[in-house]
Amino acid sequence: MPLGLGRRKKASPLMEEEDGGERSALSVSQGGGMPGSSLSPVPPGLPPPAPALRPRLVFHAQLAHGSPTGRIEGFSNVKELYGKIAEAFHITAGDVMFCTLNTHRLDMEKLLGGQIGLEDFIFAHIRGQKKELEVYKSEDSLGLTITDNGAGYAFIKRIKEGSVIHRMQLISVGDMIEAINGKNLIGSRHFEVAKILKELPRGRNFTLKLCEPLKAFEMIAPRSGLGGVNSSMSPSGRGTLRLRSKGPPTVEELVSVIEEKAVKKVDDLLESYMGIRDSELGNVSLVVS
């Protein structure tokens with residue numbers, strides 16, 4: 001019998017690939033009656049029943065280098081998400097570098113930012129090999145685009161072809177920047193790291209301390225049909241869970257194609273002039289304009 005079927009036990013945080021149960025990912029805690037149902041009167045002297053809690057959003061995740069499938073729920077921001085991933089896979093939250101959506105590959109276009117689609121599958125990329133390199137800054141621009149994971153790790157999102165960094169074979173997209181010239185950058189935002197790199201004097205060497213994501217010989221792909229959550233949370237079934245640094249997360253409709261293109265254009269401008277790419281800044285710029 002597949003794990004989790006035919007039982008009323010609480011599901012384990014980790015689910016092996018054999019788990020074929022089609023459980024609803026959107027569950028409502030017991031105790032609240034459905035609209036129109038009759039409720040028995042509360043006996044005298046007892047407190048009234050607690051109001052029904054909001055449905056829990058349950059997502060599925062794997063470690064990008066290969067792992068069983070985990071159930072992730074009960075988070076309201078990126079830091080809490082990493083904590084839940086760490087709890088499910090028995091690692092520390094500091095091991096999680098960043099997450100991609102619906103692919104285990106280092107595809108920076110699929111990077112998890114401030115929102116998650118209700119049907120998205122999460123892949124967590126964790127710390128791998130460390131490396132320290134000496135780089136000669138022969139040009140003003142190093143050709144790097146820096147982003148961060150929202151939890152204190154800045155890493156390389158894009159490398160411009162033909163640039164100073166592109167000629168360094170040991171530096172790759174996805175590498176986390178731990179230190180520059182001995183200065184610890186854990187906890188820094190991407191624009192702070194980009195500013196330090198930009199202000200490095202031309203014609204001199206500097207030291208980069210990096211950590212690359214853990215790589216695997218074989219990847220485990222998610223089974224089709226797992227899904228993320230019940231699409232009834234969004235009228236169109238194409239909603240996203242937007243994570244915020246302050247305040248609770250909200251379920252929103254997907255942006256239109258026109259809005260998406262406009263935000264991308266703002267992102268391109270930020271990347272060209274500042275060496276950073278931040279969809280949240282792009283959204284803010286779009287609203288202000």
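- The CG atom of N184 sits 8.0 Å away from atom NZ of K209, with the distance rounded to the nearest 0.5 Å.
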*Determine, stepwise, if the pair L106 / F98 fulfils side chain to side chain contact (heavy atoms under 4.5 Å, CB included).*
CA-CA 10 Å; L106 284 172; F98 54 85; 3.4 Å; yes
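- Remark: the backbone N or O of F121 is paired with a side-chain donor or acceptor of N102 at under 3.5 angstrom.
- At least one donor-acceptor pair closer than 3.5 Å links the side chain of K131 to the backbone N or O of L170.
- For Q62 and S67, the side-chain atoms include no donor-acceptor pair closer than 3.5 Å.
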*From CA spacing to verdict: side chain to side chain contact (heavy atoms under 4.5 Å, CB included), I180, L200*: CA-CA 10 Å; I180 299 175; L200 290 171; 4.2 Å; yes
*Yes or no on side chain to side chain contact (heavy atoms under 4.5 Å, CB included) for L112 and T100, after CA distance, side-chain angles and deciding distance?*
CA-CA 5 Å; L112 186 152; T100 50; over 6 Å; no
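- Under the salt bridge (charged side-chain N to carboxylate O under 4.0 Å, His left out) test applied with D148, the options K79, R189, K157 reduce to a single match, R189.
- There is a path of hydrophobic side-chain contacts, each under 4.5 Å, that joins L133 to L144.
- Residues P201 and F206 have side chains not in contact (no heavy-atom distance under 4.5 Å, counting atoms from C-beta outward).
- Expressed to the nearest 0.5 Å, how far CG of D95 lies from SG of C211 amounts to 9.0 Å.
- With R202 contributing its side chain and S138 its backbone, the two residues share a donor-acceptor pair below 3.5 Å.
- Checking side-chain atoms of N149 against main-chain N and O of G152 turns up a donor-acceptor pair under 3.5 Å.
- From E134, atom CD reaches atom CG of L208 across 10.5 Å, with rounding to the nearest 0.5 Å.
- Smallest separation of non-hydrogen atoms from K160 and S163: O-OG, 2.6 Å.
- The shortest non-hydrogen separation linking A154 to V193 is CB-CG2, 3.6 Å.
- In this structure, the side chain of K137 engages the main chain of L197 through a donor-acceptor pair within 3.5 Å.
- Rounding to the nearest 0.5 Å gives a distance of 6.0 Å between CZ of F59 and CG of L118.
- Within the model, atoms CG of D120 and CG of L101 stand 4.5 Å from one another, a figure rounded to the nearest 0.5 Å.
- Across all non-hydrogen atoms, the minimal contact from V173 to R158 is CG2-CA, 4.2 Å.
- When atom types are taken as modelled, the side chain of R167 and the backbone of G162 share a donor-acceptor pair closer than 3.5 angstrom.
- Contact detail for M108 and F155: the closest heavy-atom pair is SD-CE1, 4.0 Å.
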_Test log, rule side chain to side chain contact (heavy atoms under 4.5 Å, CB included), inputs K215 and H65_ = CA-CA 6 Å; K215 295 180 174 62; H65 65 279; over 6 Å; no
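- Considering only heavy atoms from C-beta on, N205 stays 4.5 Å or farther from V135 through its side chain.
- Annotation for A124 and V96: closest pair CB-CG1, 4.4 Å, computed over non-hydrogen atoms.
- Checked by atom type and distance alone, the side chain of R127 pairs as donor or acceptor with a backbone atom of G94 at under 3.5 Å.
- Rounding to the nearest 0.5 Å gives a distance of 7.0 Å between NE2 of H104 and CZ of F123.
- Y136 contributes no side-chain N or O that, together with a main-chain N or O of V164, makes up a donor-acceptor pair within less than 3.5 Å.
- Scanning all heavy atoms of the two residues, the minimum distance from I126 to L63 falls at CG2-CD2, 4.1 Å.
- Judged purely by atom type and a 3.5 angstrom limit, N181 uses its side chain to pair as donor or acceptor with the backbone of T207.
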